[in-house]
Amino acid sequence: MCITRDERVTVVDGGVEQAKAGSGERLERYERLYIGGAWVAPQDGGMMESIDPATGRAWAIVAYGGARDIDSAVAAARAAFEGPWGRMAPHERAALLRRFADLYQRAAPELAKVESRDNGRALRESRADAGGHHTAYHWFASLADKQGGRTIPLDSAVHAYTERLPIGVVGAITPWNVPLMAACWKLGPALAAGCTVVLKPAEQTPCSSLELAALFEEAGFPPGVVNIVPGYGANGAGDHLVTHPGVDKITFTGEGATAKEILKRGADTLKKFTFELGGKAPHILFADADLDQAINAATGSAWALCGQSCALGSRVLVERSVYDQVAEAFTARAAKVRVGRPLDEATHMGPQASRAQMDKTLSYIAKGNDEGARLIAGGAPAEVAGLEGGYFVQPTVFADVSNDMAIARDEIFGPVAALIPFDGEDEAVALANDTAYGLTAGLWTRDLGRAHRTAARIRAGVVWVNTYRYLRWSIPYGGFKSSGWGRENGMEALEPYLETRATVISTTGVFPDAYAS
Ligand code: NAD
């Protein structure tokens with residue numbers, strides 16, 4: 001039976017947390033975890049606050065899980081995998097996923113608001129992003145019954161064939177910058193492949209994932225197929241999921257250093273992994289490009305999500321003959337960015353998702369200044385009237401950056417663009433590839449030959465030509481080098497969630513006695 005949102009999420013006007021929050025605002029309460037198809041209180045977790053980054057104060061109280069809660073969730077996922085879900089035909093799983101996709105579409109406007117409260121993303125962005133994921137869920141559903149194996153040509157004595165089978169119980173660990181997108185890109189293919197899932201959203205942004213649980217319940221998924229357990233990382237639910245012997249695979253989006261730790265911690269149980277990690281994408285503007293469009297893309301992608309996306313073109317490589325023109329355009333465009341309350345329709349850019357993230361960005365701005373880059377826009381916390389406790393940072397641009405400066409090498413995850421001049425194609429490619437990362441890249445040129453030549457030389461999982469951040473469910477996404485392992489989306493999406501079984505059948509049944517002579 002499905003419980004309503006009002007039963008699940010309560011809103012309170014008073015209490016300890018309210019006093020702690022120091023405001024007269026109402027708090028939402030998400031007091032239960034979703035495990036085994038039931039809304040349950042944490043066994044050994046507790047209650048945590050989700051901070052509204054626009055105010056620096058709690059906006060929701062949320063249940064989080066501990067080790068025993070993860071144990072319960074993994075047991076429920078295993079029972080579902082070996083029970084009703086495992087027995088369900090692929091087209092039936094697809095039908096359930098489509099039902100969920102339709103419910104998601106209906107809920108998307110509210111989900112977008114929850115995401116914006118949780119991570120501070122401007123509502124216009126959350127809405128555009130969250131509003132599209134139902135199509136992705138439909139795409140994944142469409143792949144569910146198309147994972148056939150093949151017959152292997154041998155000789156008449158055997159008939160050999162392969163099958164593609166779900167890997168089992170998946171632990172999905174998601175970050176705070178795009179909780180709904182990351183959940184979609186993991187839950188969709190895992191379920192379509194026939195796996196069951198324990199999803200642990202980031203501790204900073206747990207609420208939208210719990211909203212998803214209600215939609216899975218309403219869609220009629222068997223208990224235990226999807227379990228949603230907010231919790232902490234290294235010393236909490238995340239680590240317990242990674243080390244749990246009952247979990248077959250971890251799919252993770254977040255920081256590279258965390259991925260390395262997860263890899264070590266998962267080694268004892270020989271887990272399989274998919275990692276979607278960071279980026280420091282080169283966005284190359286050749287002088288022959290349609291510069292108006294290129295500048296739209298380069299400025300738009302420098303500050304989207306307040307700079308908190310692995311796909312952003314944070315290294316803007318500009319051909320020297322148009323460098324000053326592009327730099328001036330960046331300064332002018334930065335002045336037009338409306339920084340403000342995430343839920344205001346007019347706001348272009350909200351705050352950073354946490355105080356830690358704001359502090360990290362400001363520390364990199366200081367490094368940029370120390371290393372001799374030329375600050376041509378922003379460079380300080382942004383003041384937003386009435387939101388003095390918020391984590392706002394000005395859209396920032398450094399010119400005359402060299403590719404060995406920290407602001408060009410490290411993923412800042414803040415609204416900081418680094419403009420780097422270059423001369424000619426070879427230098428552009430050399431600079432583009434001179435990075436530990438290899439997730440995305442962009443280039444702008446009107447020369448078709450140059451577009452092909454340059455795209456072919458860039459070591460990145462996605463290369464955009466005369467466009468940027470064009471992300472779709474049908475286009476594979478993932479990184480070369482330190483940007484990750486495996487691909488999400490595309491025809492490849494289910495691959496990381498499948499095992500291959502080869503079956504070899506003798507057509508004669510004859511097996512010679514090895515010791516006959
Ligand atoms: P993170 O990698 O620490 O956390 C991401 C997720 O992993 C969260 O759910 C967290 O609880 C979990 N986690 C953390 N440590 C874990 C562990 N040892 N075992 C299991 N789970 C663990 O990222 P963050 O602290 O949220 O952000 C830090 C930096 O990561 C950011 O500044 C940014 O540079 C980068 N980041 C990248 C992406 C991306 O999409 N590539 C997303 C978020 C953050």
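Order of listing sets the numbers, starting from 1, for every ligand and every atom in it.
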(request) Return yes or no for this condition: an N or O of E276 is under 3.5 Å from an N or O of ligand 1. (result) no

(message) I need the nearest protein heavy-atom contact for atom 20 (C) of ligand 1: residue, atom name and distance, please.
(response) G238 C, 3.3 Å

(message) Does the structure place the NZ or CZ of R32 under 6.0 Å from the centre of the six-membered ring of Y34, at an angle of no more than 45° from the ring's axis?
(response) no

(message) Regarding N296 and R333, do their side chains bring together a donor and an acceptor under 3.5 Å, going by distance alone?
(response) yes

(request) Examine distances only and state if a side-chain atom of R315 and a backbone atom of A432 form a donor-acceptor pair shorter than 3.5 Å. (result) yes

(request) Give the residue and atom name of whichever protein heavy atom lies nearest to atom 38 (C) of ligand 1, and the separation in Å to one decimal. (result) F413 CZ, 3.3 Å

(message) Determine whether any protein heavy atom is located less than 4.0 Å from atom 4 (O) of ligand 1.
(response) no

(request) Check whether any N or O atom of Q357, backbone or side chain, sits under 3.5 Å from an N or O atom of ligand 1, and answer yes or no. (result) yes

(message) Regarding ligand 1, does T174 bring an N or O atom to under 3.5 Å of one of the ligand's N or O atoms?
(response) yes

(message) Is the distance from the ring center of W85 to that of F221 below 6.0 Å?
(response) yes

(message) One thing to verify: whether R78 and D248 come together as a salt bridge, which I'm taking to mean a side-chain N less than 4.0 angstrom from a carboxylate O.
(response) yes

(message) Going by the closest heavy atom to atom 14 (C) of ligand 1, which one wins out of T258, V242, N235?
(response) T258

(request) Answer with yes or no after comparing the ring centroid distance for Y64 and Y232 against a 6.0 Å cut-off, counting only values under it. (result) yes

(request) Run the numbers for me: atoms of ligand 1, each under 4.0 Å from some heavy atom of A202, listed by number. (result) 8 (C), 9 (O)

(request) Just need the protein heavy atom nearest to atom 24 (P) of ligand 1, so name the residue and atom and give the distance. (result) W176 NE1, 3.3 Å

(request) Starting from atom 12 (C) of ligand 1, find the nearest protein heavy-atom neighbour and note its residue, name and distance. (result) I173 CG2, 3.6 Å

(request) Considering only non-hydrogen protein atoms, determine which one is nearest to atom 13 (N) of ligand 1 and report residue, atom name and distance to 0.1 Å. (result) G233 CA, 3.5 Å

(message) Please determine whether the number of non-hydrogen atoms from other residues, nucleotides or ligands lying under 6.0 Å from atom CZ of R341 exceeds 12.
(response) no

(message) Tell me whether the count of non-hydrogen atoms from other residues, nucleotides or ligands lying under 6.0 Å of CD in E383 goes above 12.
(response) no

